[in-house]
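Scope of the values below: all heavy atoms of this structure, side chains included, with no hydrogens, waters or symmetry mates. Sequential numbering from 1 along the given sequence is applied to the chain's residues. All of these numbers come straight from a predicted model, not from anything done at the bench.
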Amino acid sequence: MRFGIVTFPGSNCDYDCYHAIRDILGEKVDYIWHKEISIKNFDCVILPGGFSYGDYLRTGAIARFSPIMQAVKEYTEKGGLVIGICNGFQILLEAELLPGAMLVNKNLQFLCQTVNLKVENYNTPFTLRCAKERILRIPIAHKEGNYYADEGTWPKLKENNQIVFRYCDEQGEISDEANPNGSLFNIAGICNEKRNVLGMMPHPERASEAILGSEDGRLIFESIREYVKKL
């Protein structure tokens with residue numbers, strides 16, 4: 001299969017994703033420059049973390065107007081897989097490819113730490129390889145990761161089972177203490193109704209090999225590969 005990684009001015013996790021896909025997963029991967037106007041011959045597109053356009057205005061607010069984002073939208077409408085990681089998640093929200101918005105962390109500070117994640121939905125192309133009841137250990141690195149959705153949105157997320165990851169403790173318990181940023185319902189990742197677009201604040205590419213302290217993030221990429229190869 002073939003992955004594509006969109007690179008915006010200010011992206012800084014595109015190389016990490018490239019390494020995870022090519023060197024760890026052993027799959028083909030190419031960069032997609034933000035000025036491209038089409039997406040062809042890719043099985044999955046990654047919007048990586050970083051500080052696209054310096055995060056001026058709001059995180060992801062300028063990136064949503066990049067030429068590539070219209071192509072990303074068209075790609076998703078055709079069923080293409082897209083995963084937005086950290087800043088990529090923020091861009092997906094700004095582009096209205098996922099519902100909700102990101103607020104500043106509850107402590108108003110940048111957070112860089114490993115968190116525990118509970119998988120709430122195993123029936124997505126991004127979670128097929130995640131064993132039930134297993135708690136994932138994946139790092140976060142953000143200042144605006146406090147997910148918010150209004151009263152007209154969050155009930156639909158629950159009803160449609162669009163909440164994919166939630167922050168939890170080592171035993172899998174959901175609590176305020178296990179919530180690093182104040183995110184609504186401890187939400188760490190959501191998908192769209194069609195399940196082909198995922199946004200998550202934790203960085204799976206930074207937990208893809210043992211030397212990094214966790215290999216749990218690799219399960220996300222392995223799930224994508226398994227899904228695509230079954231098509």
Side-chain angles (χ1 to χ4, degrees), residues 5 11-25 46-52 55 59-60 83-93 98 100 102-122 124 126-148 163-191 198-224:
I5 301 171
S11 295
N12 67 7
C13 297
D14 43 352
Y15 290 97
D16 295 337
C17 290
Y18 190 94
H19 170 70
I21 300 301
R22 186 191 67 176
D23 302 325
I24 306 303
L25 203 65
I46 301 173
L47 303 185
F51 303 92
S52 58
D55 278 348
T59 53
I83 173 173
I85 302 169
C86 198
N87 188 230
F89 186 6
Q90 296 162 341
I91 294 170
L92 290 174
L93 294 173
L98 289 174
M102 284 296 172
L103 306 179
V104 176
N105 297 340
K106 62 181 180 181
N107 63 2
L108 306 182
Q109 297 179 357
F110 183 89
L111 296 172
C112 185
Q113 64 193 65
T114 298
V115 298
N116 298 300
L117 296 180
K118 184 175 184 179
V119 182
E120 296 285 356
N121 187 344
Y122 297 91
T124 79
F126 312 96
T127 53
L128 295 176
R129 295 275 296 164
C130 298
K132 291 187 177 181
E133 307 304 326
R134 176 172 176 174
I135 305 305
L136 307 182
R137 295 184 67 255
I138 301 180
I140 57 172
H142 59 250
K143 187 176 181 181
E144 292 85 15
N146 183 353
Y147 178 78
Y148 171 78
I163 300 173
V164 181
F165 301 110
R166 297 176 72 193
Y167 300 110
C168 65
D169 63 20
E170 294 180 355
Q171 287 71 46
E173 296 297 322
I174 307 296
S175 65
D176 289 341
E177 291 73 23
N179 188 339
N181 51 35
S183 180
L184 179 72
F185 302 125
N186 287 51
I187 290 174
I190 63 171
C191 66
L198 171 75
M200 61 184 298
M201 288 311 295
H203 287 264
E205 78 281 6
R206 297 185 184 180
S208 59
E209 51 189 324
I211 195 172
L212 298 176
S214 174
E215 299 179 85
D216 292 348
R218 193 164 68 192
L219 294 171
I220 308 302
F221 301 121
E222 289 177 347
S223 294
I224 296 170

Legend entry - From CG (Leu184) to CD1 (Ile190), nearest 0.5 Å: 10.0 Å
Inset, instruction - Verify, without hydrogens or angle tests, whether Asn186 (side chain) and Asp176 (backbone) share a donor-acceptor contact under 3.5 angstrom. - result: no
Legend entry - Approximate separation, where rounding is to 0.5 Å, of Arg134 CZ and Leu117 CG: 11.5 Å
Legend entry - Value rounded to 0.5 Å, distance of CD in Glu173 from CZ in Arg166: 11.0 Å
Inset, instruction - Check the surroundings of atom CD in Gln113: do more than 12 heavy atoms from other residues, nucleotides or ligands lie under 6.0 Å from it? - result: yes
Inset, instruction - Check the pair Leu93, Tyr148 against side-chain contact (heavy atoms from CB on, under 4.5 Å), reporting the backbone distance first and the verdict last. - result: CA-CA 11 Å; Leu93 294 173; Tyr148 171 78; over 6 Å; no
Inset, instruction - Consider only side-chain N and O atoms of His142 and Asn181, and report whether a donor and an acceptor are under 3.5 Å apart. - result: yes
Inset, instruction - Check Cys17 against Ile46 and note the closest heavy-atom contact, atom names and distance. - result: SG-CG2, 4.0 Å
Inset, instruction - State whether the side chain of Thr59 and the backbone N or O of Gln90 hold a donor-acceptor pair below 3.5 Å, judged by distance alone. - result: no
Legend entry - Inter-residue atom distance Glu144.CD - Asn87.CG, 0.5 Å rounding: 9.5 Å
Legend entry - Point-to-point distance, once rounded to the nearest 0.5 Å, from CG of Leu111 to CG of Asn105: 4.5 Å
Inset, instruction - Return the minimal non-hydrogen interatomic distance between Lys143 and Leu108, and the atom names on each side. - result: CE-O, 3.3 Å
Inset, instruction - Apply side-chain contact (heavy atoms from CB on, under 4.5 Å) to the pair Thr124 and Leu198, showing each step before the final yes or no. - result: CA-CA 9 Å; Thr124 79; Leu198 171 75; 5.9 Å; no
Inset, instruction - Quick one: closest heavy-atom pair of Cys168 and Ala178, and the distance? - result: C-CB, 3.3 Å
Legend entry - Exercise: identify the closest heavy-atom pair between Pro202 and Ile85: O-CG2, 3.5 Å
Inset, instruction - Give the minimum heavy-atom separation between Pro204 and Ile138, together with the two atoms involved. - result: N-CG2, 3.8 Å
Inset, instruction - For side-chain contact (heavy atoms from CB on, under 4.5 Å), just list the numbers for Met102 and Phe89, CA-CA rounded to whole Å, side-chain angles, deciding distance to a tenth of an Å, and then say yes or no. - result: CA-CA 9 Å; Met102 284 296 172; Phe89 186 6; 3.3 Å; yes
Inset, instruction - Report the C-alpha distance between Ile83 and Met200 in whole Å, list the side-chain angles of each, state the deciding distance to 0.1 Å, and finish with yes or no for side-chain contact (heavy atoms from CB on, under 4.5 Å). - result: CA-CA 8 Å; Ile83 173 173; Met200 61 184 298; 4.2 Å; yes
Legend entry - OH (Tyr15) with more than 12 external heavy atoms under 6.0 Å: no
Legend entry - Closest approach of Cys86 to Gly49 (non-hydrogen atoms, all atoms of both residues): CB-CA, 4.2 Å
